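Have a look at the structure below before the remarks.
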Amino acid sequence: MAGTAFAGDGVKVTVTPSTVKPGADVDIRVQGCKGTTGAAKSHAFIADAELTGRDHVLFGDTTVKSGLQKGTYKVSVTCDGREHRDVGVVHVEKHRPETTHPATLEPTHRPTYHPSPIAPVKAGGGGAAMAVPAPAAPGVAQTTIESGLGTPYTLVGLGMAAIAAVAVAFRSARRRRAGTTPGAD
């Protein structure tokens, strides 16, 4: 079952499925946009659905917020440089646990419903390394500065680079003596 609405300017939005439980994924289909990208947004979604496509049809998907109340939520679409307000709907119904067993003090089953996040995850480290202090090396004075880890770690890095350079030079020298050319493995 899909929820469809038409805007006065010919934009048609379909949300599939049109009736969902909180935390469910939905697919969005938009017809009537001339461009190849757009976005669909609603108070029901954890994030705007990025839309892509061609030939006047755009597709995307998103997730319904997990703590959402039962109701009908409007969907707006931005494409062709303008917003098409309230051109679709998604119906949200509350998750109802099934009760087929008589009431007892013992649980009848383990929960299988896992709510989804209410917002996108902010991924990436982007500077997180500077927020975590370097571990202390036993017997080495820790001298960190704002622009790096400090002298002990710099020396360890330089030592490892030197060992790698010696290994490459040694391997190259062995090949020359054996009469092989580099890259002829």
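What you are looking at is a predicted structure, and each value in this text was computed from that prediction instead of being measured. Sequence positions, counted from 1, serve as the residue numbers for this chain.
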- Query: Restricting to pairs with a member in residues 13-94, which pass disulfide bond (SG atoms under 2.5 Å apart), not counting sequence neighbours?
  - Reply: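 For residues 13-94: Cys33-Cys79.
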
- Message: For Glu50, is the CD atom crowded, meaning more than 12 foreign heavy atoms sit under 6.0 Å from it?
- Response: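 No, because the 6.0 Å sphere around CD of Glu50 holds 12 heavy atoms or fewer from other groups.
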
Indicate yes or no: at least one non-hydrogen side-chain atom of [X] is less than 4.5 angstrom from one of [Y].
X	Y	result
Thr62	Val26	yes
Lys21	Glu93	yes
Thr72	Val90	no
Lys65	Ile46	yes
Tyr73	Val64	no
Val15	Val89	no

Counting only N and O atoms by type, is there a donor-acceptor contact under 3.5 Å from the side chain of [X] to the main-chain atoms of [Y]?
X	Y	result
Ser76	Asp86	yes
Lys94	Leu68	yes
Thr36	Arg54	no
Asp27	Asp61	no

- Task: Report the distance from atom CZ of Phe59 to atom OG1 of Thr52, rounding to the nearest 0.5 Å.
- Result: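 Here the rounded value is 9.0 Å.
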
Over all atoms of both residues, closest heavy-atom pair of [X] and [Y]:
X	Y	value
Leu51	Ala40	CD1-N, 3.9 Å
Val57	Gln31	CG2-CG, 4.1 Å
Ile28	Ala49	CG1-CB, 4.3 Å

